[in-house]
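Just below is one structure, and these are the notes that go with it.
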Amino acid sequence: MDFGERDYAEREREPLPNALPRPPGELRQLEKVWEVPRGIRFLKVVNNNYIGVFYVGTALLFLVLAGILALLMRTQLAVPENGLLQQAMYNRVFTMHGTVMMFLFAIPVVEAMSVYLLPAMLAARDLPFPRLSAFAFWAYSIGGLIFFSTIFFGVSPDGGWFMYPPLTSYKYSPGISADFWLLGIGFIEISAIAGAIELVVGILRTRPPGMTLDRMPIYAWAMLMIAVMIIFGFPPVIVGTLLLELERAFQWPFFIAEQGGDPLLWQHLFWLFGHPEVYIIFLPAAGMVSMMLPTLAQTPLVGYRWIVLAILGTTALSFGLWAHHMFATGMPHASSAYFSAASMAVSIPTAIQVFAWIVTLYRGSLQFRVSTWFLLGFFFIFVLGGLTGVMVAVIPFDWQVHDTYFVVAHFHYVLIGGMVFPLMAALYYWAPTVSGKPLSERLGRWAFWLMFIGFNLAFFPMHISGLLGMPRRVYTYAGGLGWEWWNLLSTAGAYVLASGFAVVALDLVLHLRIVGKVRVNPWNAGTLEWLPLDNFAARSIPRISSRDPLWDNPSLGDEVEEGRHYLPGTATGQRETLVTSPVEARPEYLMVMPSASWYPILAGAGTALFFLMLTLKQALPAIVLALFTIITVLRWAWSTDRFGTHPPVDIGGGIRLPVSIGGPRSHAWWATIVLILVDATIFACLVFSYFYIWTTNPETPWPPSADPLAPLSWAGAIAVAWILSSVVLQWAGGRVEGTRASSVILTLATLATLLLGTGAVVGSIAAAGHVGIGPGEHAYGAIVYTILAYQVFHLVVLAFMLVFATVRSWAGLLDRARRMPFDSARLLWHYMAIQGLVSVAVIQISPRLL
Amino acid sequence: MSSDPQPRPFARTALYLTGGLLIWAVNFLITYTSAALVCARATVARGAVGMESISTTTLVSCAVALLANAALIWHASSRYRARVRDGNGWRTDDFIDSVAGAVAVLSSVAVVWTSFVAGLPAGC
């Protein structure tokens, strides 16, 4: 690689990387490699421009379904003592409305938009793991539709979208309704984490040459921080749902006060996810606003650095707010006060963004397109929602309005104003990149005004009915309380709002088609997604020297389309994209990407159906589906990492790059690191739960048993086993050479490592059993055995991974250049060993110190 | 502005950019944990420690966090000024330094604001 050897700035002044004319057949070969399958094979498609649109479309379908549930609720509440919905059905409807809106619409649509937009914005051919995106989409869409259909069979959850125990535990919610919620969102968690891996690696490693951190689109900054929030924000809800499901299935009393548990532990875990989630929804919308406004105002974004600062600040502060949802639970005043202060502080970075947008509008010359109207609507509604947010951050005020319709009004102003209006603006703004022409301006304006008027008519009166004392989640109310007119207005507004959505749907049906090849820039935008696009995104990957490259170089589109920039064809005959360094975006190597495949849809369907069978407590089908999914994933993985021995290739401009490198600079290594971060956060939440339970049992000896802890020598032996297992694997890693001898060494090392790991896990379980408290007796036992079960889970998964790497070695597919499966397994094993050591410290050492 | 000197290690750049936020997070964790331990663990009720321990922990943590942020701001501004003085910087460095410094300023505001709690009337 020679890109970094000469002055970088000098390269920016150099002639374009490739000369004309391009070799005959170069473009045709590129088109053929990225071709979309036809007929039934179309289901194999993994191209982001198709998967992204399907993903957005499915999320919008769930928006419609949840919206219909909202209309049912509003119709029920239109007049006092209405009999349209009975109490039990109303509970199901509001639970499904909230759950579908949050888990099946808001989070997925955020990821879906990024699957569609990011590769084009970064001039990459696709996201780095296209099959992973396709898998996430299929798992989500199949699982989501199964989950939604529970409402037709009377088994949908009815405990509210936040599912607080003890109401949702086995005692008060017998049956499988709550299990559908707990296991049903499992596939959303998997999809979200898959998305986070895509986002981190895609944004940091597949930017075009020259797109340094300070030239990255604001939307990419926002999505990068979303990935960070998913990495650290989703694990708490994963742990929460795991603990509640264990309590429901096996009576492990995490949340039962009589047995040492605490229902508030659920609330902490849920809101540790739930509050960052508000920003997981808002920040991408804000990122899209920062992309659209400069174009619509025809001026560069004002305060780029300030907006980056605001995005970083919001990301961090959003993790310090969770307990403001719990002010009314009797938390210590001192604790509440910290969260109140932090909740007010987060308004600062949000305000920075809003002011930057206002100044951009002031400096520019605004074009009044449909997107503009939706953005202006967003400003109005979101700012009102933000102001009521500051009000509910004040503890005494929150006590007054907690669980009233004031809060319902507040979060709809924030979520619909802060997310749905920008999303509508985005649909109208980016639709031309899908179908080559804009949606209807006329229908769009009708949609905007119906939605804007309908929204405010529906939700503004809720502030007043809430202040008048109307509680949330009531299926009806008595007349004469002064709530009648406000509710009637809200219901009328809801129908007006729904008609606005119907107009958008009509516009999409009439005018949106995926055409694959587009060459449009109707708004005169300056960013890369407006380059001429095909199934492979841009023909060649441009060299970037500003934040608005199309404004600074109006001929860039022609240059890219003619193939004058990097990688104008396919260098290996496969799908591929450039991998660049994370800060300076210097080309580092060529990533070979997977083509269309059945594996994503099969694994996605297998995952969704596995969760369904688990929920229905059908053990045998669940095991069969789990095995099916595992085999599919292994077969999928078998086809990866095959190009490490390919000679370096020319990408233009005299740059020769290696193909598919291994080690810490590879995208696979980065993906594994992201996975480890998720894993470590899940484990940290389990450790948090352990100490939380200790905190809430001040009068109980720890451990709460007459029997002593295991002798310290046990802990020492377990620790030695973990360390040795890692050392053996590390040693073996230095001997992966692709020879028969190295395969023998790898096999023996794998056996030794697995034996040592199994010994450490078995020893840990035996040591925990020494105190004589089973998982069903006390919350202490429940959390200790859950931590240990988590180790067992890791051991099983890593056994699969190590055996897989060993088999590849015997098959001649693992050598110095192609060692990704082994390196990933080794990295994960080291992490598991550290996790094992921390487990020993928490379970065996900490009680002696507390 | 001239050439880009050396590739920057990503981990170090990311830590530097988000240093102020990490300082805020550690400060928040310390203050929240101390309040939880003192109040929820009922240490005060059992007479082991007094409520003033929360205020003391908060103030000490706040002071340390502010010092750490001040160091970060000084580091960022001195790097920035040196580049302007020598005229041989690279714009990405300007960006990284200015954002890192601004993040530390925002972090300081958040730390001070949440630490005002220490001055509120004591009580669990």
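In what follows, chains are A, B, ... by sequence order, proteins preceding strands, each numbered from 1. Side-chain atoms are counted along with the backbone in the values below, which use heavy atoms only and exclude waters and symmetry mates. None of these values were measured; they are calculated from a predicted model.
Here the shortest heavy-atom pairing between A:A334 and B:I54 reads CB-CD1, 4.0 Å.
Remark: B:D97 pairs with B:Y16, B:R79, B:R83 by the side-chain hydrogen bond (donor to acceptor under 3.5 Å, both in side chains) rule, at least two apart or across chains. Residues satisfying the side-chain hydrogen bond (donor to acceptor under 3.5 Å, both in side chains) test with A:H333, not counting sequence neighbours, are none.
With respect to chain B, the highest number of heavy-atom pairs below 4.5 Å among A:W694, A:Y692, A:F319 belongs to A:W694. Options A:G313, A:G320, A:P349 differ in how many heavy-atom pairs under 4.5 Å they form with chain B, and the most are formed by A:G320.
Annotation: side chain of A:T212 is not in contact with side chain of B:F95 (no heavy-atom distance under 4.5 Å).
Contacts of B:I96 with chain A are made by side-chain atoms alone, with heavy-atom separations under 4.5 Å and no backbone atom involved. Residue contact with chain A, scored on non-hydrogen atoms closer than 4.5 Å, involves the side chain of B:T13 exclusively. Contacts of A:I352 with chain B are absent, with no heavy-atom separation under 4.5 Å from either backbone or side chain. For chain B, the nearby parts of A:L213 are the backbone and the side chain; heavy atoms of each come within less than 4.5 Å. Both the backbone and the side chain of A:S335 have a heavy atom closer than 4.5 Å to some heavy atom of chain B.
Residues of residues 100-113 of chain B lying under 4.5 angstrom from chain A, judged on non-hydrogen atoms, are B:A102, B:V103, B:L106, B:V109, B:A110, B:W113 in numerical order.
Between B:Y32 and A:W322, the distance separating the two ring centers is shorter than 6.0 angstrom.
Of the candidates B:V99, B:D93, B:T92, B:D94, B:T92 is the only one forming a side-chain contact (heavy atoms from CB on, under 4.5 Å) with A:D214.
Applying the side chain to side chain donor-acceptor pair (under 3.5 Å) test to pairs two or more places apart or on separate chains, those with a residue in residues 305-316 of chain A are A:R305-B:S98.
Taking the six-membered ring for Trp and thresholds of 30 and 60 degrees, B:F28 and A:Y338 have ring planes more than 60 degrees apart, a perpendicular arrangement.
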Evaluate the side-chain contact (heavy atoms from CB on, under 4.5 Å) criterion for residues A:F339 and B:T114: first the C-alpha distance (whole Å), next the side-chain angles of each, then the deciding distance (0.1 Å), finally the verdict.
CA-CA 8 Å; A:F339 286 100; B:T114 45; over 6 Å; no
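Atom CZ of B:F10 has more than 12 heavy atoms from other residues, nucleotides or ligands within 6.0 Å.
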